[in-house]
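All values below come from the heavy atoms of this structure, side chains included, with hydrogens, waters and symmetry mates left out. Just so you know, ligand 1 is whichever comes first in the structure, and atom 1 is the first atom listed for that ligand.
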Amino acid sequence: MASTLHSFASAADLAGSLADKVADTLSAAIAARGTASIAVSGGSTPKAFFQALSTRDIAWEKVTITLVDERFVPADNPRSNHLLVDANLLQNKAKAARFVPLYQPAPSVGEAARLATAKSAEIGIPFDVVILGMGGDGHTASFFPGGSNLAEAIDASTPRGIITMEAEGAGEPRLTFTFSSLEDAALLVLHIEGEGKKDVLAKAEGSGDEADMPIRAILRRATSPVEIYWAP
Ligand SMILES: O=C(O)[C@H](O)[C@@H](O)[C@H](O)[C@H](O)COP(=O)(O)O
């Protein structure tokens with residue numbers, strides 16, 4: 001599917017503009033069916049966007065927020081994406097939103113994935129908004145090069161849900177929504193910042209295997225157009 005690059009002069013300008021776009025999309029979904037859903041990424045890039053979005057005046061009590069992926073750690077662990085969302089997005093007006101975590105206190109990451117899949121089924125499909133990030137190795141979500149379940153994760157025929165992923169560079173075992181869960185969002189965004197990530201994107205947009213740069217699965221095969229938001 002096609003992608004569109006939206007470039008901004010600064011990270012602050014990007015955060016405000018993306019917050020407006022996401023708020024409009026969520027409000028339109030609420031107007032159409034009474035509810036809205038958004039899946040966001042962790043990492044360091046989205047913090048300013050989360051803070052901007054948290055101030056937008058929409059019917060947050062009708063919005064469900066979840067994560068694209070999560071580290072297999074409890075929410076009080078500094079590596080937790082839940083903690084990042086709690087501290088930066090579930091604040092201000094957005095405090096009223098419902099949050100569905102991926103981490104589950106289960107004896108194994110596999111059991112946690114099964115529990116998280118069951119809980120996520122109540123969110124409804126497709127997501128109204130998905131915000132993806134990208135690592136310097138071309139990973140997105142927890143679709144890491146060399147990942148233990150990468151082929152399954154990016155296979156379009158894999159059912160929607162959450163699966164486990166282990167990979168060098170991923171740190172803890174991961175819980176990640178599958179490609180099939182994310183690729184048909186009404187608004188599918190790739191949010192990256194810095195010249196380095198722009199170079200990684202250019203390489204990903206070139207030829208090569210999806211397994212080497214899994215963001216290629218989204219760029220090449222997503223049903224929805226990919227809206228790329230970039231600032232230096
Ligand atoms: O759990 C995570 O780490 C994220 O979901 C991951 O996919 C992230 O989006 C990229 O690693 C980019 O991270 P940065 O924004 O920190 O570069």
Is the closest side-chain heavy-atom distance between E152 and I163 below 4.5 Å? yes

State whether the number of non-hydrogen atoms from other residues, nucleotides or ligands found under 6.0 Å of E168 atom CD is greater than 12. no

Whether R174 lies under 4.0 Å from ligand 1, heavy atom: yes

So, Y229 versus F49, ring centres under 6.0 angstrom or not? no

So if I count the atoms of ligand 1 from 1 in the order they appear, which ones are less than 4.0 Å from some heavy atom of A141? 6 (C), 7 (O)

R160 to F177 six-membered ring, cation-pi geometry met (6.0 Å, 45°): no

Heavy-atom distances under 4.0 Å decide this one: backbone, side chain, both or neither, for M134 against ligand 1? backbone

With nothing but distance in play, are any N or O atoms of R71 less than 3.5 Å from an N or O of ligand 1? yes

Could you list the atoms of ligand 1 found under 4.0 angstrom from a heavy atom of G133? 9 (O)

So which bit of T45 gets within less than 4.0 Å of ligand 1, heavy atoms only: side chain, backbone, both or neither? both

Heavy-atom contacts under 4.0 Å between N81 and ligand 1: side chain, backbone, both, or neither? side chain

Which of the numbered atoms in ligand 1 are under 4.0 angstrom from any heavy atom belonging to K197? 14 (P), 17 (O)

Considering heavy atoms of the protein only, find what lies nearest to atom 13 (O) of ligand 1 and give residue, atom and distance to 0.1 Å. G43 CA, 3.9 Å

Exercise: do T64 and R98 side chains pair donor with acceptor under 3.5 Å: yes

Heavy-atom nearest neighbour in the protein, as seen from atom 11 (O) of ligand 1, with distance rounded to 0.1 Å: H139 NE2, 2.7 Å

With distance as the sole criterion, is a donor-acceptor pair present between the side chains of S142 and R174 under 3.5 Å? yes

Among all the protein's non-hydrogen atoms, which is closest to atom 5 (O) of ligand 1, and how far away is it? D69 OD1, 2.5 Å

Under the 6.0 Å and 45° cation-pi test, does K197 pair with W230? no

Approximate separation, where rounding is to 0.5 Å, of R71 CZ and S80 OG: 8.0 Å

